[in-house]
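Every chain is numbered from 1, with letters handed out A, B, ... down the list of sequences. These numbers were taken from a predicted model, which means no experiment stands behind them.
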Protein chains: 2
Amino acid sequence: MVVVPASAAARGPEPPDEPAAEPRWLSTEERAAWMPFAALLFRLPAALDAQLQRDAGISHFEYMVLASLSEAGDRTLRMSDLAAMASGSLSRLSHVVSRLEARGWVRREPCPSDGRYTYAILTDAGFRKLAAIAPGHVEAVRALVIDALNARQLRQLGDISEIINGRL
Amino acid sequence: MVVVPASAAARGPEPPDEPAAEPRWLSTEERAAWMPFAALLFRLPAALDAQLQRDAGISHFEYMVLASLSEAGDRTLRMSDLAAMASGSLSRLSHVVSRLEARGWVRREPCPSDGRYTYAILTDAGFRKLAAIAPGHVEAVRALVIDALNARQLRQLGDISEIINGRL
DNA sequence: CGCCCATAATTGACAGTTCAACCAATCCGG
DNA sequence: CCGGATTGGTTGAACTGTCAATTATGGGCG
């Protein structure tokens, strides 16, 4: 990934009376860190998605939905909570759950006490599917990330991720 | 993001005569690093995309296409090279370049010496557009990543990213 | 109570991506 | 040279995600 168009950067800082302050271009060290990280941001999700698609025929987002449900007590979550856990919009989740429902892995049920809420519930078939998929996914995560780093680097990565997450 | 479905993990390792070797679930420390990183992998690209979409009306991928062209000598690249630089499929690139062409920022030209190749060329209008967009994008990258970390962390992030990239 | 607003979720239309089929130019073995 | 294989690129259909509009329920206030 590229942040600074080369020829634009080559022109150097703008005159100080520009309407917008002159951009603070990245230094050499900053570029040296950002460029590989930016590439990673593209390629790693794509690689993980590809593994799930190939081995299980589902997207990473669908995996997250199933996994989130499996971790909830009685495998049930409200749609909005589920959307937050899977880091997606409610609309997207609604479409996805419709597809998962059609495949028999999830079912919907209205909340008896508050009719606005809808529960998404992981079926037994859905749980079995997830149990079949999970080992392969963990293997991929290990191969690409965990086992590629030593304990210290792994801790650094976790720390750095938490810092950046704090800015979102 | 969740890798291990809780109830499945709670069952412990499988008997050793399973057809597939029992999965090596993540340890507590590994999970502690992976979960925030996985969340980052979702949210950061979304945040960068949102900034470009809001401020410039283009996707991150389109930005990469324009930026890659701007860095090439005479602002020209073959379609396949451009696809590789932008980390996307040739098909996707072809559709995107069609759109950028319609907006007047890129034009196509067949290679005179080998008719199979197609050159994508950044127009002057495209270069101006990019120059207008870049500062805002750099600002976002700074705010979310670069300025959030100290020099040591930034170096660590770069190193770690290169290691993982090496596995893709 | 009755009205209005906020919230939860769904829906449909549209834009973008992927996938497979296709075309066109070059390379290369006979 | 000729014909198949290869490579670069495009296209269209099916699918997925996004956005805005819509429905439905519940809470609060006069």
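Atom CG in Leu77(B) sits roughly 15 Å away from atom P in dG8(D) (whole-Å rounding). What separates CG of Asp114(A) from C1' of dA9(C) is a distance of 12 Å, to the nearest Å. Between the CD atom of Glu109(A) and the C1' atom of dA9(C) there is a distance of 16 Å, rounded to whole Å. Atom CE in Met79(B) sits about 10 Å away from atom C1' in dG8(D), given to the nearest Å. Atoms CE (Met64(B)) and P (dT17(C)) sit 13 Å apart, rounded to a whole Å. As rounded to whole Å, 12 Å separates atom C1' of dT16(D) from atom CG of Asp49(A). As a whole-Å value, the separation of Tyr63(B) OH from dG16(C) P is 20 Å. Following rounding to the nearest Å, Arg116(A) (CZ) and dT22(D) (C1') show an atom-to-atom distance of 17 Å.
A salt bridge between Arg24(B) and Asp147(A) is present, with a side-chain N of the basic residue lying under 4.0 Å from a carboxylate O of the acidic one. Between Arg99(A) and Glu101(A) there is no salt bridge, since no side-chain nitrogen of the basic residue lies less than 4.0 Å from a carboxylate oxygen of the acidic one.
Residue Leu90(B) places its side chain closer to dG8(D) than to any other of dT10(C), dG8(D), dT18(C).
Between the side chains of Ser98(B) and Arg108(B), at least one donor-acceptor pair of N or O atoms lies under 3.5 Å.
Annotation: proximity of residues 91-102 of chain A to DNA chain C (heavy atom, distance under 4.0 Å) is found for Ser91(A), Ser94(A), His95(A), numbered in ascending order.
Relative to the ring axis of Tyr119(B), Arg78(B) does not place its NZ or CZ within 45° and under 6.0 Å from the centre.
Residues Ser113(A) and Asp81(B) each lie close to DNA chain D; by heavy-atom proximity, the contact nearer the 5' end of the strand is made by Asp81(B). Taking for each of Tyr117(B) and Pro112(A) the nucleotide of DNA chain D with the nearest heavy atom, the 5'-most of the two is the partner of Tyr117(B).
Cluster membership for Met64(A) and Ile121(A), using ILVMFWY side-chain heavy atoms within less than 4.5 angstrom, is not shared.
Using a 30° and 60° split on the angle between ring planes, Tyr63(B) and His60(B) fall in the tilted class, from 30° to 60°.
For the pair Ala140(A) and Leu48(A), the tightest heavy-atom approach, listed with the atom from each and the gap, is CB-CD2, 4.4 Å.
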